Each structure stands twice: as structure tokens, then as C-alpha cells.
*Asks:* 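Next up is a structure, given as C-alpha cells.
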Amino acid sequence: IGNTARIILCSSILAVLLGSCTKENPESSILDENKTDTRLKSAMTTNTSATATDSIDNTIYYNNGLVAADALSNGKGTTMVAGQVATSNYNRRAVLKFHMPTLHAGYVIDSTTLTLYAVKNAKDSTFARSFSLYKLTAAFGEGNSVTTNAGVGAAAQTGDATWKWSFYSSTQWGTYGGSYESTASASQTIGVDEVPTDVIFSSTQMTTDVQNWYSSPSSNYGWIIKGEENKLLTATEFASVQYTANVNNRPKLTIYYHY
């Protein structure tokens, strides 16, 4: 073969080889497209949050079985109480419900936090205190009862929640002390001498509770807050929706989501 023919042949072979090396792999192309699609979707996702501060709340009172406590409440008080006061079996529980904020269309809830401002403890602050949230299974009321001593309570008014009544004095709880799920949605501890402070509850179950309230708004009865009820002086006062010393310390439910 002449030199010219050899050059043409070698060039043809080289072109074929280079073509096979650079030819697009269909499978690789699909993977690249998928990666690009994922990146585009990620770029198009918006992460945001919504905070609910519009709520109703109350404190219900148990005084070692005394019938008179069935008519105690604090619907319009500036604080709500959970835990046991200075007398054995004198327990207080706080009930709290938020009006859920509107979320952007196509939302997916990622997590939630409940922020309560602990204003003060009972007399003894030498030990930590634990509190738990339980999802209520029945509605409750916030009437016009009010007291300057949240640990003691005031005479219940029409529509108030009490230990016996979810709405005084027309509708009773299914179980005295509140109707709620047996498993806590979240728990939190206040350390020694940490009050006043923000107490932040957050859990997967809380997020499930909130998601269920969006899916079925009529099931939104809120939560009940219980302290340690087998130990003296575990009671803590939390800022309520009527708290006036600093409105920023009122209860807040923050919903983190994307769409």
C-alpha cells in the first residue's frame, strides 16, 4: 500500500476509535438527566416556616379530691400552671390549643416546635422539673375566670375548663383531669435555677399531631401539659396567651415545612 493509502487508512481507523470513545453512553445520559432533574427539583423547593400565636389556654385544678376544686379555673389568667404545688396531691394541668396558620399550597411539614416561657417555679428551685405534652381527644373552653394567684385558681365561669368540666358547667371530660392520649407527644425538662426561660418541645409525634390537625381540622383539640404530679413543688407557671409583661413570650407553635 502506498504512503497516501496508509495515511487514509490510519486516519479512518483513528476516527472510528475516537468516535467509540466519545460516543454518548445512553445509560450515562439518563443518569445525568436524573441528576439534573433532582438538582432542579431541589432548587425549586422552598423551605419556610409559619408560627401560630393565636391560641386558647387554661389551667385545671385538682385539690386531693375536694369537690370545690371541680369549679376552679383561670381562663383569662396571664399564666397557666402544670405540676404539683406545696400540698400533696394538689395538682395543676395546663391545656392549650392553637388556631393553625395557613400554609402554602403543596406543603410538606418537616418538623414543629412548641415554645413556652417558664415565668417562675414553685418555691423550691433546687431540682429539675419535667413536663410532658399529651394530645387532647376532646375540646375545652376558655371562659372569663381570672386570678392573680395561678397556683390557687379562681371560680370557674361559663365555658371554662376545670378538672371535672371541659366546658363549665355543661360538658364534662370523658375522664376527670382531661381526655387525652395515653402516650406523651413530647417531653422537656427545666434545669435547676433555669427559670425564667424558654422551654422548647419538639418531636416526631408532635409533628404527626400537627399534620393530623391540618388533615382533619375538627380533631384539633390541642395538648394538655402535665408536670410531675407525685412530687411536691414541681409546679411551674408558663406565660399564657394573655401574658402582658412581654407579648413575645406568649406560647408559640412553629411549623417548619417545604413546598
Side-chain angles (χ1 to χ4, degrees), residues 49-62 72-87 90-101 112-133 136 140-157 159-163 168 178 186-202 206 222-229 232-255:
S49 64
T51 299
T53 56
D54 182 16
S55 63
I56 62 170
D57 53 51
N58 212 327
T59 301
I60 61 176
Y61 298 80
Y62 178 79
L72 293 177
S73 192
N74 191 23
K76 298 301 182 185
T78 58
T79 59
M80 50 186 175
V81 185
Q84 189 172 114
V85 293
T87 304
Y90 275 49
N91 296 320
R92 283 75 179 105
R93 296 175 180 175
V95 286
L96 172 68
K97 172 191 171 180
F98 289 94
H99 301 295
M100 309 306 290
T112 55
T113 61
L114 170 65
T115 303
L116 299 179
Y117 183 69
V119 178
K120 64 180 179 180
N121 289 332
K123 297 177 182 178
D124 192 340
S125 295
T126 60
F127 55 84
R129 293 162 163 79
S130 296
F131 299 88
S132 295
L133 297 178
L136 285 165
F140 71 89
E142 178 191 89
N144 291 321
S145 60
V146 63
T147 176
T148 56
N149 189 341
V152 174
Q157 303 299 304
D160 265 322
T162 75
W163 196 267
Y168 186 81
S187 297
Q188 190 54 275
T189 298
I190 301 176
V192 176
D193 292 327
E194 285 187 350
V195 172
T197 187
D198 281 334
V199 183
I200 301 175
F201 296 83
S202 184
M206 272 181 60
W223 288 297
I224 188 168
I225 306 163
K226 295 174 59 179
E228 297 172 82
E229 297 181 346
L232 292 175
L233 298 172
T234 59
T236 293
E237 288 187 47
F238 298 95
S240 76
V241 70
Q242 285 86 20
Y243 192 66
T244 54
N246 184 343
V247 296
N248 293 322
N249 289 331
R250 292 174 177 177
K252 292 183 287 290
L253 175 63
T254 305
I255 302 161

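The structure displayed is predicted, hence computed values, not measured ones.
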*Asks:* So how far is it from Q157 CD to T162 OG1, rounded to the nearest 0.5 Å?
*Replies:* 12.0 Å
*Asks:* Just by modelled atom types, is the G83 backbone N or O under 3.5 Å from a matching donor or acceptor in the T234 side chain?
*Replies:* no
*Asks:* So do the side chains of L133 and Q188 get within less than 4.5 Å of each other, counting heavy atoms only?
*Replies:* no
*Asks:* At their closest point, which heavy atom of I190 faces which heavy atom of A118, and how far apart are they?
*Replies:* CD1-CB, 3.9 Å
*Asks:* Is a donor on one side and an acceptor on the other found under 3.5 Å between the side chain of S202 and the backbone of T112?
*Replies:* yes
*Asks:* Quick one: are N58 and M80 in side-chain contact, heavy atoms under 4.5 Å?
*Replies:* no
*Asks:* Do you know the tightest heavy-atom contact between T189 and S130?
*Replies:* OG1-OG, 3.2 Å
*Asks:* Considering all heavy atoms of both residues, which atom of T244 and which atom of T78 are nearest to each other, and what is their separation?
*Replies:* OG1-CG2, 4.5 Å
*Asks:* I'd like to know if the side chain of D57 reaches the main chain of L96, judged simply by a donor and an acceptor atom lying under 3.5 Å from each other, with no hydrogens or angles considered.
*Replies:* no
*Asks:* Rounded to the nearest 0.5 Å, what's the gap from NE2 on H99 to CG on D54? Could you check?
*Replies:* 4.5 Å
*Asks:* As a quick check of understanding, evaluate side chain to side chain contact (heavy atoms under 4.5 Å, CB included) for K97 and L136, giving each step before the final call.
*Replies:* CA-CA 9 Å; K97 172 191 171 180; L136 285 165; over 6 Å; no
*Asks:* Is there a side-chain contact between V119 and Y243, using heavy atoms and a 4.5 Å cut-off?
*Replies:* yes
*Asks:* Is the shortest heavy-atom distance from the side chain of L253 to the side chain of W223 under 4.5 Å?
*Replies:* yes
*Asks:* So, does T59 use its side chain to make a donor-acceptor pair with the main chain of V81 at under 3.5 Å?
*Replies:* yes
*Asks:* Could you tell me which non-hydrogen atom of S55 sits nearest to which non-hydrogen atom of F98, and how far apart they are?
*Replies:* CB-CD2, 3.7 Å
*Asks:* Atom CD of Q84 and atom CD of E229: how far apart are they, to the nearest 0.5 Å?
*Replies:* 8.0 Å
*Asks:* Measure across A82 and F131 and return the closest heavy-atom pair with its distance rounded to 0.1 Å.
*Replies:* O-CE2, 3.4 Å
*Asks:* Does the pair V195 and E237 meet the rule for a side chain to side chain contact (heavy atoms under 4.5 Å, CB included), with working shown?
*Replies:* CA-CA 10 Å; V195 172; E237 288 187 47; over 6 Å; no
*Asks:* Is it the case that the side chain of S240 and the backbone of G77 share a donor-acceptor pair, with hydrogens and angles ignored and the cut-off at 3.5 Å?
*Replies:* yes
*Asks:* Would you check if I60 and I224 make a side-chain contact, meaning some heavy-atom pair closer than 4.5 Å?
*Replies:* yes
*Asks:* Looking only at side chains, do T236 and N121 share a donor and an acceptor under 3.5 Å apart?
*Replies:* yes
*Asks:* Within the distance-only criterion (no hydrogens, no angle test), does the side chain of S73 pair as donor or acceptor with the backbone N or O of A161 below 3.5 angstrom?
*Replies:* yes
*Asks:* Quick check for you: to the nearest 0.5 Å, what is the distance between N91 atom CG and W163 atom CH2?
*Replies:* 5.5 Å
*Asks:* Say you draw a straight line from CG of L116 to NZ of K252; how long is it, rounded to the nearest 0.5 Å?
*Replies:* 9.0 Å
*Asks:* Is any side-chain heavy atom of V199 closer than 4.5 Å to one of E194?
*Replies:* no
*Asks:* Which pair of heavy atoms, one from S145 and one from G75, lies closest together, and at what distance?
*Replies:* OG-N, 2.7 Å
*Asks:* For the residue pair R129 and F127, would you count it as a cation-pi contact if the rule is NZ or CZ under 6.0 angstrom from the ring centre and within 45 degrees of the ring axis?
*Replies:* yes
*Asks:* Let me confirm one number: the CG-OG1 distance from N249 to T79, rounded to the nearest 0.5 Å.
*Replies:* 12.5 Å
